[in-house]
Amino acid sequence: MTGRPLKQIHLAAHFPGVNNTTVWTDPRSGSQIDFSSFRHLAETAERGKFDFFFLAEGLRLREVNGRIHDLDVVGRPESITLLNALAAVTDRLGLAATVNATFNEPYELARRFSSLDHLSGGRAAWNVVTSSDAFTGENFRRGGYLDRADRYTRAAEFVQTAREFWDAVDAPARHRGPHFDVEGRLSLPRSPQGHPVVIQAGDSDGGREFAASAADIIFSRHSTLEAGKAFHADVKRRLAAYGRKPDELKIMPGVTYVLADTDADAQELAAEIRRAQVGPGTTINYLEQVWGFDLSDHDPDGPLPAADPVVDSSLVQGRTRLGDPVALAAEWRAIAAAKKLTSRELVIELTGRQSFIGSAATVAGQIDEFVQNDAADGFILVPHLTPGGLDGFVDGVVPLLQERGVFRQDYTGTTLRSHLGLPTPGER
Amino acid sequence: MPRQLHFSAALDSPGHVSAPHYAALARTAEQGGLDFVTLDDSFAAGPHRPDALATFARIAPETTRIGLVPTVTTTHTEPFHTSISVNTLDWVSEGRAGWLVGVSGTEAEARAFGRRDAAPESDLWSEASDAVEVAARLWDSWEDDAEIRDVATGRFVDRDKLHYVDFEGTHFSVRGPSITPRPPQGRPVVVVALTAADLPERTGLAVRHADVVLLDEPDPAAARSAVGRLRLEAGEQLRVLVRVEVALPDGVAAAALTERIAGAAGVDGFHLVPADPVRDLAAFVRDVAPALRERGILRAGYPGRTLRDHLGLARPLSRYSTAARTAIAAEVSR
C-alpha cells in the first residue's frame with residue numbers, strides 16, 4: 001500500500017425484487033409491496049449513513065413457455081413515486097430509481113427527476129437503462145422497434161436532452177437531434193443538485209464510453225480483485241477525453257453478502273441461501289432459456305440435457321438473452337464435466353454474483369481491500385432478505401469500516417452529490 | 001336532519017415547489033375532516049410547481065387520513081406508467097389515492113414532447129377515456145389474492161390470478177398484466193372536473209369512469225339539474241361535488257360560506273378552491289367546519305381509512321375475479 005490517504009468507501013442499498021435474489025420462502029421475508037417494507041430498508045440504510053437507496057425496474061412480467069414466471073418474487077411499485085414517499089421518512093439518503101429511456105420521453109422524465117430532487121432536498125438519482133425488447137414494448141405506445149445500436153444512441157441523446165431541460169432555467173431548451181426534436185422549459189427552478197445524479201450500467205466498450213462521458217456512477221460486475229482493478233483503470237482512463245477527473249465517476253458494483261458469527265458458518269449459510277435461490281424449478285427454467293424447449297421432465301439433480309438447444313426460440317421473454325445457445329450449451333457442458341456438477345449445481349455456479357461472505361470483520365476487510373486497491377469505489381449491497389436483510393450489515397460491518405477510517409461517521413452534506421463528492425452543475 | 005356532505009379542497013399554490021408547504025396544507029385539510037385534496041398539473045412551463053403526483057407521494061407519509069388526488073394528464077404520457085404511478089400512490093398512502101384526469105391541449109406542451117401535434121380537445125378526451133379504461137383494467141389485472149407464497153410448490157404467485165388486459169384502442173394498445181399488484185383500494189378513486197357545457201367526450205368519460213365529478217357551475221339551479229342528469233346516466237355511486245371559490249379574510253365571509261353550503265340542495269358536497277390556500281384553508285377549518293359539524297352537514301372525524309371509505313364508495317371486485325365473472329354472468333342471463 002502506498003502512503004496516500006485512505007480512500008472513503010461509498011455504500012448503497014438495493015431493495016431486491018423481481019429475481020431470485022430474495023429468498024421469499026424464508027419466514028423472515030416480508031411484504032414486497034407494502035410501504036413499510038421499503039421504509040424499513042431505507043431507514044436502515046440511512047442509519048448506516050449509506051450514500052443511496054436503489055430500486056430496479058422491469059416493465060413487463062417475465063414469462064417462461066408463454067406463461068408468467070411464478071417461482072420468484074413478482075410485482076413491485078413504480079419507483080419514482082415510491083422514492084418521493086421515502087423522501088418524507090428519510091433526511092439524507094440518496095434516492096435512486098432505474099427508469100427506462102426507451103419507453104419514456106426526455107421532457108417528462110427530466111421533470112419527474114427534477115421534482116424528486118426538489119421534494120427530497122437534493123437526493124435524486126436516475127439509473128438509465130434501455131430496452132430493445134418488443135415484448136416489453138407491447139405495454140407502450142412506441143412498441144419495441146428499436147434495434148440494439150439505436151436504443152443506445154437514443155439513451156445518450158435522451159440523457160443529453162434531459163440535462164438541457166435541467167439547465168434551461170431562464171429560457172426554453174431547444175434540442176434538435178436524430179432521436180429528439182423538442183423545445184420547452186420545466187415548471188421548476190434549478191433543482192438542489194442542478195442535475196440529479198446519473199447512474200449507468202454496462203460492461204461493453206460502448207457502455208464504458210457512455211458512462212465516461214455522461215454518468216456519475218457506473219455499475220460493474222467483476223468478481224475478482226484483478227478484474228475489478230482492470231475495469232476501474234480502463235473506465236477512469238476514459239474520463240480525461242471528456243474533461244473529467246477520475247473521481248468524478250464512481251464505480252459501484254452490485255454485490256450480495258452473507259454474514260455469520262464465524263467465516264465457516266457464513267460459508268455454510270451462503271450455500272444454503274444459494275440452494276434456496278436456485279430450486280429445481282428455477283434450474284429447469286434457466287436451462288430452458290438456452291435449450292429453447294420444454295425441459296419440465298429433466299432431472300435438475302442430474303447431468304445437463306443430452307440434446308442440443310433449439311436456435312431462435314422465443315421461449316423465454318422479458319429477460320436478458322444469453323447469447324448463442326449451442327455455443328453456450330457446449331461451454332456449460334465443459335464446466336459441468338470439469339467440476340462434476342449437476343444441472344442445479346451448475347446453475348448455482350453460473351448465476352452467482354460477486355459476494356462477500358464471512359464474519360463482520362472478514363466482510364469489512366474484503367470490502368476495504370477492494371476499495372483501497374482501486375477495484376471499486378464502493379458497492380451497491382443486495383440483501384437476500386427484505387426488509388430486514390440490511391440490519392446485520394449496518395449493525396455489524398459499518399462500525400468496523402468506520403473504525404478503519406474508511407467510511408463516514410455521519411453525513412457531512414445534505415445532497416447525494418455531496419455524499420459522493422461530485423460537483424454540482426450550474427453552481428456559481 | 002340534513003344530509004352529510006363531502007368536502008375536498010384544491011391545494012394549488014403557484015410558485016411553491018417545496019414539500020413542507022404542501023404537507024402543511026394537507027394536514028390542515030385533514031384536521032378539518034375533508035375527504036380529499038387535489039393538486040393541478042400540466043406540462044406548461046408556468047407557473048412554477050412540482051409534478052402533482054410526486055408531491056402527493058412525498059406528503060403521503062406525513063398525513064394519515066386525507067385522500068390525495070393529483071392531476072395526471074393522459075395526452076403525452078404512457079397509460080401504463082400512469083396506471084402504476086397512481087397505483088403506487090395508493091400503496092404509499094395506504095389506500096388514499098385518487099386521480100384527477102387531465103389532458104394537455106397546448107402547442108407548447110406538444111413541442112416539449114415532440115411526438116405529435118396539438119390535437120382538438122374532443123380527441124384528447126376520448127384518448128383520456130381509453131387511458132382510464134386501461135388503467136382500471138391494469139389495476140384489476142392482479143386479483144387480490146394473486147400472491148400465494150406456496151412454499152410446497154415453490155410458487156410465489158398463482159399465475160391464473162394474473163390477467164392480460166389486451167387493450168386495443170385508437171391511440172395505443174397495452175398487453176398487461178400490471179407490474180404492480182392490485183392497489184389497496186382495488187381501484188384508486190377516479191375524479192373528473194366538468195362544467196355544465198362540457199364536450200360530450202369529457203362528460204362521457206365522467207359517466208363511464210368517474211367515482212367523483214368536480215362540477216364547475218355557479219348557478220345553483222343549473223348545478224342541481226346537471227347533477228340530476230349525471231346521476232341518471234352514471235348511477236347512484238357517482239359523487240358530485242360543486243366547485244366553490246373560497247376567500248375567507250374575516251368572520252363575515254366565513255358565516256356567508258357556512259350559509260351557502262347549508263342551503264345547498266341536490267349536490268353531494270363541495271370542492272373548495274381557496275384564493276389563498278394557507279389563509280383560507282385554516283379559516284375554513286377554524287370557522288366554517290365547526291359550524292357545519294354542529295348542523296350535521298360535515299361528519300365528525302373519518303369513518304374509515306381509505307378515500308373510498310370517506311366517500312362511501314364500495315371497494316370494487318377485480319373484473320377478472322371468479323366472483324366478478326359470476327356476477328356478470330348472472331346479470332347477463334337475467
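Just so we're clear, the structure is a prediction, and the values are computed from it rather than from any experiment. Numbers restart at 1 for each chain; the letters A, B, ... are given by sequence-line order, proteins then strands.
For chain A, the option among Ala60(B), Ser173(B), Ser18(B) with the highest count of heavy-atom pairs below 4.5 Å is Ser173(B). In terms of heavy-atom pairs under 4.5 angstrom with chain B, the leader among Phe180(A), Phe38(A), Phe140(A), Phe165(A) is Phe140(A). Looking only at heavy-atom pairs under 4.5 Å with chain A, the residue among His171(B), Arg175(B), Arg159(B) that has the most is Arg159(B). Counting heavy-atom pairs under 4.5 Å between each of His118(A), Arg141(A), Gln32(A) and chain B puts Arg141(A) at the top. Chain B forms the most heavy-atom pairs under 4.5 Å with one residue out of Gly75(A), Gly184(A), Pro106(A), and that residue is Gly75(A). The candidate with the highest count of non-hydrogen atom pairs below 4.5 Å against chain B, out of Leu71(A), Asn139(A), Val182(A), is Asn139(A). Ranking Phe172(B), Phe167(B), Tyr164(B) against chain A, the residue ahead of the rest is Tyr164(B), based on heavy-atom pairs under 4.5 Å. Chain B forms more heavy-atom pairs under 4.5 Å with one residue of Ser36(A), Ser120(A), Ser29(A) than with any other, namely Ser29(A). When each of Leu116(A), Leu59(A), Asp34(A), Leu82(A) is scored by its heavy-atom pairs under 4.5 Å with chain B, the top score falls to Leu59(A).
Results of the salt bridge (charged side-chain N to carboxylate O under 4.0 Å, His left out) test with Arg315(B) over Asp90(B), Asp140(B), Asp144(B) single out Asp144(B) as the only residue that passes. Checking Glu183(A), Glu164(A), Arg163(A) one by one against His175(A), the side-chain hydrogen bond (donor to acceptor under 3.5 Å, both in side chains) holds for a single residue, Glu164(A).
Interface residue Glu108(A): backbone and side-chain heavy atoms are both found under 4.5 Å from chain B. With a 4.5 Å cut-off on non-hydrogen atoms, Ser31(A) touches chain B through its backbone but not through its side chain.
For Arg92(A), the salt bridge (charged side-chain N to carboxylate O under 4.0 Å, His left out) criterion is met by no residue, not counting sequence neighbours.
Side-chain contact annotation: Thr64(B) with Arg96(B), donor-acceptor N/O pair under 3.5 Å absent.
A donor-acceptor contact shorter than 3.5 Å is absent between the side chain of Glu62(B) and the backbone of Ala88(A). Here the side chain of Glu109(B) pairs a donor or acceptor atom with the backbone of Phe43(B) at under 3.5 angstrom. The backbone N or O of Arg155(B) sits nowhere less than 3.5 Å from a side-chain atom of Asp150(B) that would complete a donor-acceptor pair.
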*Under the salt bridge (Lys or Arg N to Asp or Glu O under 4.0 Å) rule, what do Arg319(B) and Glu133(B) come out as? Steps first, then yes or no, please.*
CA-CA 12 Å; Arg319(B) 73 197 64 198; Glu133(B) 168 69 21; 3.5 Å; yes
